[in-house]
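The next block holds one structure in the form of structure tokens; read it before the comments.
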Amino acid sequence: MASVHESLYFNPMMTNGVVHANVFGIKDWVTPYKIAVLVLLNEMSRTGEGAVSLMERRRLNQLLLPLLQGPDITLSKLYKLIEESCPQLANSVQIRIKLMAEGELKDMEQFFDDLSDSFSGTEPEVHKTSVVGLFLRHMILAYSKLSFSQVFKLYTALQQYFQNGEKKTVEDADMELTSRDEGERKMEKEELDVSVREEEVSCSGPLSQKQAEFFLSQQASLLKNDETKALTPASLQKELNNLLKFNPDFAEASWLYVLGQKRSDSYVLLEHSVKKAVHFGLPYLASLGIQSLVQQRAFAGKTANKLMDALKDSDLLHWKHSLSELIDISIAQKTAIWRLYGRSTMALQQAQMLLSMNSLEAVNAGVQQNNTESFAVALCHLAELHAEQGCFAAASEVLKHLKERFPPNSQHAQLWMLCDQKIQFDRAMNDGKYHLADSLVTGITALNSIEGVYRKAVVLQAQNQMSEAHKLLQKLLVHCQKLKNTEMVISVLLSVAELYWRSSSPTIALPMLLQALALSKEYRLQYLASETVLNLAFAQLILGIPEQALSLLHMAIEPILADGAILDKGRAMFLVAKCQVASAASYDQPKKAEALEAAIENLNEAKNYFAKVDCKERIRDVVYFQARLYHTLGKTQERNRCAMLFRQLHQELPSHGVPLINHL
């Protein structure tokens with residue numbers, strides 16, 4: 001009967017140097033950290049009412065719950081937390097643990113024997129059914145069932161725990177002395193919050209089932225309300241693996257499923273998981289699965305209407321079950337999809353919708369809602385969309401808000417950092433400040449290596465270093481093709497084509513442009529397709545067939561004017577004017593004059609677009625072209641005005657060293 005009793009209610013064992021037990025069906029372990037917490041509880045009961053103030057007692061009581069329910073933390077961190085609540089008690093705890101760890105094994109045994117006295121007497125210090133009482137009873141029972149060898153291993157682990165804590169305390173003291181000399185003694189409040197910092201929520205040691213439940217609920221709450229304070233995905237995966245090692249039957253954790261980007265069957269697995277989630281009535285998981293499927297299908301080139309229909313279905317689940325955080329993710333995903341497909345107006349609408357949405361539920365004090373990745377992504381899209389339209393002041397305001405909401409050391413800060421660097425890069429390139437743009441490449445590369453290499457090639461090309469730019473673009477093209485980064489592949493192909501026609505080899509550029517157009521059509525990247533057609537029209541203009549170039553432009557110019565960036569709108573109108581002038585060469589005089597007048601109007605429109613983004617280099621090219629046209633039409637005053645403006649800009653800006661006709 002004894003063996004049956006033990007198998008049902010208690011199974012003492014030792015795994016990887018950790019003593020643990022299953023007490024009445026609830027797994028719990030005796031660890032050095034829990035011994036330290038027991039010492040704290042014992043010291044609290046021994047300290048008289050007058051020795052500890054009411055405020056200190058209140059802070060200690062608030063501290064106890066996360067200490068009892070949370071994962072094990074280092075001894076030095078435990079000292080700091082106790083010291084923040086009651087310095088006098090922290091000193092007593094430190095002395096007790098030191099005496100026990102540097103003493104003998106019998107000191108630890110005596111300590112556990114004395115714990116039983118907490119429940120004795122007519123007015124016991126601790127009630128058996130209280131949170132503290134249950135914790136004490138579990139620890140006493142678990143310890144009493146250990147064999148001598150297990151007790152010895154536990155004592156050895158306690159000594160090691162104490163030594164590590166002492167070493168860390170000495171290191172912290174040295175750092176404090178150094179920072180005191182530098183005037184940096186201030187410590188942020190969040191650094192002392194046991195429930196949020198990554199090193200403190202780490203569960204590298206064993207967790208009881210209650211601790212595991214607390215850990216998961218804590219992380220779920222942080223991911224829902226303030227994602228910047230939650231563990232990173234990699235760290236969370238590591239901790240969950242450790243949690244399952246000590247709690248293999250903990251069902252709340254077999255729902256975690258990671259689908260790698262390189263898995264060929266991930267699409268099938270996602271569909272299967274969505275069906276299972278719907279079957280078992282799990283709306284949260286079903287919605288996450290649908291959104292993952294939408295993301296995969298977007299990169300696979302599925303039509304926008306099908307993707308939006310799928311997101312509409314997931315939105316119904318969100319509103320029905322009040323899943324506010326998934327609503328944010330869905331809107332952010334719609335923003336990204338519309339931008340991927342080149343519909344900037346729709347992307348802007350979705351991003352602003354997310355900003356205007358109010359919280360659907362109250363959150364705890366000190367927890368800021370929408371500090372999530374989806375919110376950061378939407379704000380970054382908003383900043384880039386404003387910058388593309390020349391609204392740099394508005395973009396700066398959005399970035400300022402991002403910096404306040406996501407400080408540089410926070411989890412999603414790199415999103416706005418990359419966004420900020422890209423906007424600065426584009427402005428420097430527009431202003432002809434290539435050296436400034438080149439200095440920004442290092443920061444972009446640190447945040448996104450592919451983007452950094454591409455922009456380095458753009459700078460080299462602008463500086464007329466064609467050979468170096470070509471080598472870099474060829475390497476980047478091969479790399480992106482392996483990664484199946486279709487957007488970047490198309491961008492690189494367009495840049496390589498530009499290198500060829502600027503080197504007076506437009507015929508070699510045509511296969512590159514046709515390949516880019518085929519990819520754009522296949523993956524339904526409308527805006528990139530329009531930009532590719534724009535480049536094809538320019539290639540035809542160089543080859544001497546401006547009439548065909550004009551017909552191609554009629555296909556591409558509408559989406560560019562509707563959803564394109566201001567710079568691309570200016571490029572399109574400038575190209576239209578060039579094609580009109582080239583086509584007018586064979587016209588009779590009245591018709592030719594009419595065509596040149598129309599070209600001048602288009603050049604004025606292009607100049608206005610370029611002025612909005614302060615692109616002085618392209619304004620210089622426009623006024624040069626206008627001066628030539630006014631001269632042909634015999635308009636001397638207008639010609640002189642454009643010529644003077646050209647001269648001012650030409651003196652201010654470096655020359656390309658290539659004919660203007662070869663520059664799109």
Side-chain angles (χ1 to χ4, degrees), residues 386-396 422-438 440 455 458-459 461-464 494-495 498 501-502 531 534-535 537-538 541-542 553 556-557 560-561 564-582 596-633 635-664:
H386 278 89
E388 286 177 359
Q389 300 305 315
C391 304
F392 296 114
S396 297
K422 286 163 66 176
I423 291 174
Q424 289 186 51
F425 178 91
D426 291 337
R427 294 194 69 179
M429 291 296 295
N430 292 344
D431 205 19
K433 298 177 180 177
Y434 303 138
H435 293 291
L436 176 58
D438 195 25
L440 293 167
R455 290 180 183 260
V458 170
V459 174
Q461 182 176 328
Q463 293 174 333
N464 210 23
L494 294 179
S495 295
E498 184 176 352
W501 69 56
R502 289 183 65 174
E531 190 173 350
L534 198 69
N535 283 268
F538 187 70
L541 173 64
I542 296 174
L553 279 173
I557 201 165
I560 289 176
L561 293 179
I566 287 290
L567 183 64
D568 292 333
K569 292 178 183 179
R571 291 169 60 222
M573 296 310 298
F574 193 11
L575 182 56
V576 169
K578 288 179 181 179
C579 292
Q580 286 174 328
V581 172
L596 295 184
E597 290 286 356
I600 289 174
E601 289 299 319
N602 288 328
L603 287 172
N604 283 328
E605 189 174 350
K607 184 169 61 175
N608 291 335
Y609 284 134
F610 293 144
K612 287 183 180 179
V613 289
D614 198 26
C615 190
K616 296 178 182 177
E617 178 190 352
R618 295 184 183 273
I619 295 174
R620 177 188 64 180
D621 295 346
V622 169
V623 295
Y624 168 81
F625 212 65
Q626 281 184 317
R628 296 290 300 269
L629 294 181
Y630 280 130
H631 179 74
T632 304
L633 292 171
K635 296 186 176 182
T636 308
Q637 187 176 356
E638 291 85 349
R639 179 201 66 186
N640 292 341
R641 187 183 68 250
C642 291
M644 183 179 65
L645 183 56
F646 168 77
R647 183 179 179 182
Q648 292 173 352
L649 292 171
H650 191 65
Q651 290 174 344
E652 182 180 346
L653 298 171
S655 179
H656 271 297
V658 294
L660 288 172
I661 195 68
N662 285 356
H663 180 58
L664 175 57

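All values below come from the heavy atoms of this structure, side chains included, with hydrogens, waters and symmetry mates left out.
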Considering only heavy atoms from C-beta outward, does the side chain of Lys635 approach that of Leu629 to under 4.5 Å? no
One should read off an interatomic distance between Ile542 CD1 and Arg502 CZ, to the nearest 0.5 angstrom, of 10.5 Å
If you look at every heavy atom in Asp568 and Ile560, which pair is closest and at what distance? O-CG2, 3.8 Å
Within the structure provided, determine whether Asn430 and Asp614 are in side-chain contact (heavy-atom separation under 4.5 Å). no
Value for CG (Leu596) from OG1 (Thr632), rounded to nearest 0.5 Å, stands at 6.5 Å
Evaluate Leu567 against Tyr609 for side-chain contact (heavy atoms from CB on, under 4.5 Å), listing each step before the verdict. CA-CA 6 Å; Leu567 183 64; Tyr609 284 134; over 6 Å; no
Please list, one pair per line, the donor and acceptor atoms closer than 3.5 Å that link side chains of residues 636-645 to other protein atoms, with sequence neighbours excluded.
residue : atom : partner : partner atom : Å
Arg639  : NH1  : His631  : ND1          : 3.0
Asn640  : ND2  : Thr636  : O            : 3.4

Testing the basics here: between Ala599 and Ala577, what is the closest heavy-atom pair and its distance to 0.1 Å? O-CB, 3.6 Å
Evaluate the criterion side-chain contact (heavy atoms from CB on, under 4.5 Å) for residue pair Arg455 and Met429; output intermediate values, then yes/no. CA-CA 10 Å; Arg455 290 180 183 260; Met429 291 296 295; over 6 Å; no
Nearest heavy atoms of Phe610 and Gly570, plus distance in Å: CZ-C, 3.3 Å
Do Gln580 and Glu597 come close enough that some side-chain heavy atom pair is under 4.5 Å? no
Tell me the closest heavy-atom pair linking Gly390 and Ile566, and the distance in Å. N-CG1, 4.2 Å
With Arg427 as the cation and Phe392 as the aromatic partner, state whether NZ or CZ is under 6.0 Å from the six-membered ring centre and within 45° of the axis. yes
Could you walk me through whether Asp426 and Glu388 satisfy the side-chain contact (heavy atoms from CB on, under 4.5 Å) test, starting with their C-alpha distance in whole Å, then the side-chain angles of each, then the deciding distance to 0.1 Å, before giving a yes or no? CA-CA 9 Å; Asp426 291 337; Glu388 286 177 359; over 6 Å; no
Within the distance-only criterion (no hydrogens, no angle test), does the side chain of Gln389 pair as donor or acceptor with the backbone N or O of Gly564 below 3.5 angstrom? yes
Evaluate the side-chain contact (heavy atoms from CB on, under 4.5 Å) criterion for residues Asp431 and Leu436: first the C-alpha distance (whole Å), next the side-chain angles of each, then the deciding distance (0.1 Å), finally the verdict. CA-CA 10 Å; Asp431 205 19; Leu436 176 58; over 6 Å; no
Single hit among Ile557, Leu603, Val622 for side chain to side chain contact (heavy atoms under 4.5 Å, CB included) with Met573: Ile557
If I compare all heavy atoms of Trp501 with all of Asn535, which pair ends up nearest, and what's the gap? CH2-OD1, 2.8 Å
Is any side-chain heavy atom of Glu498 closer than 4.5 Å to one of Phe538? no
Nearest atoms (heavy-atom pairs only) where Val581 meets Phe625: CG2-CE2, 3.8 Å
Between Arg620 and Tyr624, do the side chains contain a donor N or O and an acceptor N or O under 3.5 Å apart? no
With the threshold set at 4.0 Å, does a side-chain nitrogen-carboxylate oxygen contact exist between Asp621 and Arg571? no
Which distance, rounded to the nearest 0.5 Å, do you find between the CD of Gln424 and the NZ of Lys433? 11.5 Å
